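Keep in mind the model is a prediction, meaning the values are calculated, not measured. Remember, it's 1-based here, ligands and their atoms both numbered in the order they're listed. Scope of the values below: all heavy atoms of this structure, side chains included, with no hydrogens, waters or symmetry mates.
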Amino acid sequence: MRDGVLAVLDTPTLVIHGGAGVEPGDLTAAEEADATAALEAALRAGHARLVAGKPAVDAVTAAITVLEDAPQFNAGRGAVFTHDGKNELDTSLMDGASGMAGAAAGLHRVKNPILLARAIMDHSRHVMMVGDGAEIFAKEQGIALVDPSYFRTDKRWKALQQALREEARAQASNTPLVLPGKAYFGTVGALALDVQGHLAAGTSTGGMTNKRYGRVGDSPIIGAGTWADARCAVSGTGWGEFYIRDAAAHEICARVRLAGEPLAKAADGVINHDIPKAGGDGGAIALGADGSVAFPFNTGGMYRGWIGADGVPHVAIYKTDALPMPGL
Ligand code: ASP
């Protein structure tokens with residue numbers, strides 16, 4: 001099978017993505033090296049938890065925390081800007097063993113949103129919290145809060161200015177606004193299969209460049225951007241409105257559970273057929289309890305990687321980069 005579509009990994013294992021919004025030519029060689037190093041660090045951080053016998057949710061949380069701290073990705077530190085020039089972060093986490101989940105949206109001050117998703121899952125009666133209330137809960141839980149300027153990076157600021165110029169040009173010439181596409185998204189996600197055979201999934205994002213106030217994408221929505229059950233775990237990245245309408249992450253796992261489809265076929269069907277047919281684009285990572293894995297995407301690249309029992313990280317960025325897979 002072609003890159004990322006089907007392979008079976010040894011357990012314990014961890015699979016990550018750093019967003020489908022990267023295209024050939026977008027990055028300098030130094031930026032590629034930095035992104036690769038950050039992906040490898042995230043894989044190692046999660047792998048360390050798994051080999052210590054920790055549950056899959058610990059590995060997912062550890063890997064995503066590293067990616068949130070890396071300015072290369074649209075999550076945490078490197079989050080994109082809203083139309084109003086703010087950073088508004090969304091996240092979710094799901095434990096496939098227990099079916100428990102935590103999610104938060106519209107955050108401005110939580111340094112590592114995935115840690116808040118974890119606290120909501122573990123220490124509240126709720127699944128999802130938004131905005132100020134979520135940040136009050138974060139403070140009560142001792143989760144690090146930062147000044148909103150922490151999330152300001154030059155690269156993302158310039159991307160917003162370009163998006164605003166494109167929007168103004170379209171309005172001035174009375175042409176239909178070109179809807180946001182791959183240049184506007186990113187996101188990070190992780191899936192783990194622990195030594196007990198349990199799965200977990202998590203996703204964290206700044207959303208889409210130039211999003212309007214209060215806009216929430218798929219990433220913090222359980223079933224849309226994130227899903228984990230006993231057999232299947234998924235984290236998505238792409239044009240969130242389409243992932244929400246398709247309940248994309250849940251749909252992939254439902255096809256595995258109810259229709260008996262192989263994981264790779266289900267993931268490919270939803271991401272590379274249903275989402276583009278509806279007008280969207282993006283990618284996802286999917287991991288089965290049997291170690292089957294898939295990295296479908298329909299953009300020019302998707303930061304992606306995996307690490308198995310031997311602790312050697314494997315990463316790729318562009319579509320043309322082969323991601324080494326066991327047995328392929
Ligand atoms: N799916 C995210 C959203 O729509 C963006 C992304 O994946 O980069 O908010």
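- Using a 4.0 Å cutoff on heavy atoms, Ser219 counts as a contact of ligand 1.
- Under 4.0 angstrom from ligand 1, there are no non-hydrogen atoms of Glu88.
- A donor-acceptor pair shorter than 3.5 Å can be found between the side chains of Ser92 and Thr226.
- The Thr237 neighbourhood of ligand 1 comprises atoms 6 (C), 7 (O), 8 (O), with distances under 4.0 Å to a heavy atom of that residue.
- Of the N or O atoms in Gly240, one or more lie within a sub-3.5 Å distance of an N or O in ligand 1.
- There is a path of hydrophobic side-chain contacts, each under 4.5 Å, that joins Phe151 to Leu116.
- Not one N or O of Trp239 is nearer than 3.5 Å to an N or O of ligand 1, by distance alone.
- For the atom pair OG1 of Thr205 and CG of Leu67, the computed distance is 12.0 Å after rounding to the nearest 0.5 Å.
- Ligand-side atoms of ligand 1 in range of Gly207: 5 (C), 9 (O), range being under 4.0 angstrom from any heavy atom.
- Of the possible polar contacts, one joining the Glu68 side chain to the Ile114 backbone as a donor-acceptor pair under 3.5 Å is found.
- Judged by distance alone, the side chain of Thr203 and the main-chain N or O of Gly189 form no donor-acceptor pair under 3.5 Å.
- Looking at Asn112, its side chain never comes within 3.5 Å of a backbone N or O of Gly76 through a donor-acceptor pair.
- Residue contacts with ligand 1: Lys211 is excluded, as none of its non-hydrogen atoms falls under 4.0 Å.
- Residue Gly238 places a heavy atom under 4.0 Å from ligand 1.
- Heavy-atom proximity to atom 6 (C) of ligand 1, evaluated over Asp218, Val80, Val188, Thr187, is greatest for Thr187.
- At least one donor-acceptor pair under 3.5 Å links the side chain of Arg304 to the backbone N or O of Ile317.
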